[in-house]
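Input: a single structure, listed below in structure tokens.
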Amino acid sequence: MHDKPVLLVIAHGSRDPRHAASVHALVRRVRSLRPGLRVETGFLDFNVPSVHGVLESLAAEGVRDVVALPLLLTRAFHAKADIPAVLRDAPARLRIRQAEVLGPSPLLLAALDRRLYEAGLTPAGKSSTGVVLASAGSSDPEAIAVIADIAREWWHTGWCAVRPAFASASLPRTEDAVRELRALGCERVAVAPYVLAPGFLPDRIARGAAGADVLAQVLGPAPEVARLLLERLDEAAPRLSLSRIA
């Protein structure tokens, strides 16, 4: 019998090998922040192990408690439908808590700042820099509204302007937002991908950033993202003693 809960990070998966590599790098950072915590990774599609396969293996080992954490930035279709469906098919002996998606969070804004500074911007240049908050996009109106709210919140931290953009399903596209910021008169224009791992849509964002001065890297294993995973874990399992999750 295993009495310590397991954190199961649920990633989307991709045919692009950079996606899984980035997810695994993030999980390694989470483990380093909380060495006593067991963290497993499962993918919804394209990559192995599958979420179902990980849950079957954990049950066979005698694990009882699992916190399932969607590696998603918004509550769109995967968080509302796909992941709950997979968890409903888990072995009955498992007690599973589904944690909230990662966004929105001040830690994600800090991670976005980090990536822009790594790309060459400085805090001193914030007020003269317009930023495109470039997300993957969604057909879910709630998810789109959240991205717009995040852009407004981020603008209030001191940027010249922040405009949301989407790589799919919604408008405007990254290149359109870049042109809008140029027209506003911002001295510099930067594109900040609001995505967790490389892949097809982040590549589309990068192509759309051709007219910008700065393109940041994806969030990936940023320290703030790793801390946010642990924050969501602790929110999902407040009744589990620290000795069991630390």
Side-chain angles (χ1 to χ4, degrees), residues 1-34 36-103 105 108 135-140 142-143 168 195-202 218-221 225-226 228-237 240 244-245:
M1 179 66 66
H2 298 251
D3 65 345
K4 284 189 175 183
V6 173
L7 174 60
L8 172 58
V9 175
I10 300 178
H12 183 277
S14 170
R15 291 187 179 90
D16 189 323
R18 297 173 299 166
H19 175 92
S22 185
V23 170
H24 290 310
L26 174 59
V27 168
R28 284 194 298 273
R29 177 156 261 163
V30 172
R31 290 191 185 112
S32 72
L33 290 175
R34 195 169 292 185
L37 174 67
R38 179 175 175 183
V39 188
E40 299 291 341
T41 308
F43 294 91
L44 291 172
D45 209 351
F46 302 117
N47 301 102
V48 292
S50 67
V51 176
H52 183 73
V54 174
L55 292 170
E56 292 279 356
S57 296
L58 292 174
E61 284 182 39
V63 169
R64 287 299 305 277
D65 288 302
V66 175
V67 176
L69 197 161
L71 199 60
L72 300 169
L73 295 174
T74 58
R75 273 186 51 76
F77 182 78
H78 293 301
K80 294 177 178 178
D82 286 357
I83 291 174
V86 172
L87 297 181
R88 280 196 296 272
D89 288 339
R93 72 180 311 281
L94 292 175
R95 294 183 300 214
I96 302 175
R97 294 170 175 85
Q98 183 176 335
E100 284 297 324
V101 298
L102 298 180
S105 167
L108 290 174
S135 77
S138 173
S139 57
D140 188 313
E142 179 189 347
S168 68
V195 292
L196 286 165
F200 175 75
L201 292 178
V218 300
L219 297 172
V225 179
L228 181 54
L229 263 68
L230 293 174
E231 191 173 283
R232 293 291 182 254
L233 164 67
D234 294 339
E235 291 167 357
L240 297 175
R244 295 178 72 193
I245 62 175

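We count residues from 1, following the sequence as given.
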With sequence neighbours excluded, tell me which residues meet salt bridge (charged side-chain N to carboxylate O under 4.0 Å, His left out) with Glu142.
Lys80
Taking the side chain as every heavy atom from C-beta outward, state whether Val54 and Val6 have any pair of such atoms under 4.5 Å apart.
no
With a 4.5 Å limit on heavy-atom distance, are the side chains of Leu102 and Leu229 in contact?
yes
Considering all heavy atoms of both residues, which atom of Pro84 and which atom of Gln98 are nearest to each other, and what is their separation?
CG-OE1, 3.8 Å
Does any non-hydrogen side-chain atom of Phe43 lie less than 4.5 Å from one of His19?
yes
Donor-acceptor contact below 3.5 Å, side chain Asn47 vs main chain Ser14:
yes
Would you say Ser32 and Arg28 make side-chain contact, with heavy atoms under 4.5 Å?
no
Residues passing the side-chain contact (heavy atoms from CB on, under 4.5 Å) test with Val86, sequence neighbours excluded, are Leu44, Val51
Leu7 and Arg34, any side-chain heavy atoms less than 4.5 Å apart:
no
Only counting residues at least two apart or in another chain, list the ones meeting side-chain hydrogen bond (donor to acceptor under 3.5 Å, both in side chains) with Glu231.
none
Please tabulate, one pair per line, all N/O donor-acceptor pairs under 3.5 Å involving side-chain atoms of residues 66-74, not counting sequence neighbours.
none

Any heavy-atom pair between the side chains of His12 and Val23 that's under 4.5 Å?
no
Looking only at heavy atoms, which two atoms of Val195 and Ala136 are closest? And how far apart?
CG1-N, 3.9 Å
Give a yes or no on whether the backbone of Arg93 and the side-chain of Arg64 come within a donor-acceptor separation of less than 3.5 Å.
yes
Results of side-chain contact (heavy atoms from CB on, under 4.5 Å) for Ser168 - residues two or more places apart only:
Leu201, Arg204
Got a second to check how far Glu40's CD is from Leu8's CG, nearest 0.5 Å?
7.5 Å
Using salt bridge (charged side-chain N to carboxylate O under 4.0 Å, His left out) as the criterion, list what pairs up with Arg232, not counting sequence neighbours.
Glu235
Is the shortest heavy-atom distance from the side chain of Leu55 to the side chain of Pro91 under 4.5 Å?
yes
Applying salt bridge (charged side-chain N to carboxylate O under 4.0 Å, His left out), name anything that partners Arg18, two or more places apart in sequence or on another chain.
Asp16, Asp203
If the condition is side-chain contact (heavy atoms from CB on, under 4.5 Å), which residues does Ala21 pass it with, not counting sequence neighbours?
none
Is there a donor-acceptor contact under 3.5 Å from the side chain of Arg75 to the main chain of Val101?
no
Can you list everything that forms a side-chain hydrogen bond (donor to acceptor under 3.5 Å, both in side chains) with His52? Sequence neighbours excluded, please.
Glu56
Who passes side-chain contact (heavy atoms from CB on, under 4.5 Å) against Ala226, sequence neighbours left out?
Leu26, Arg29, Val30, Leu33
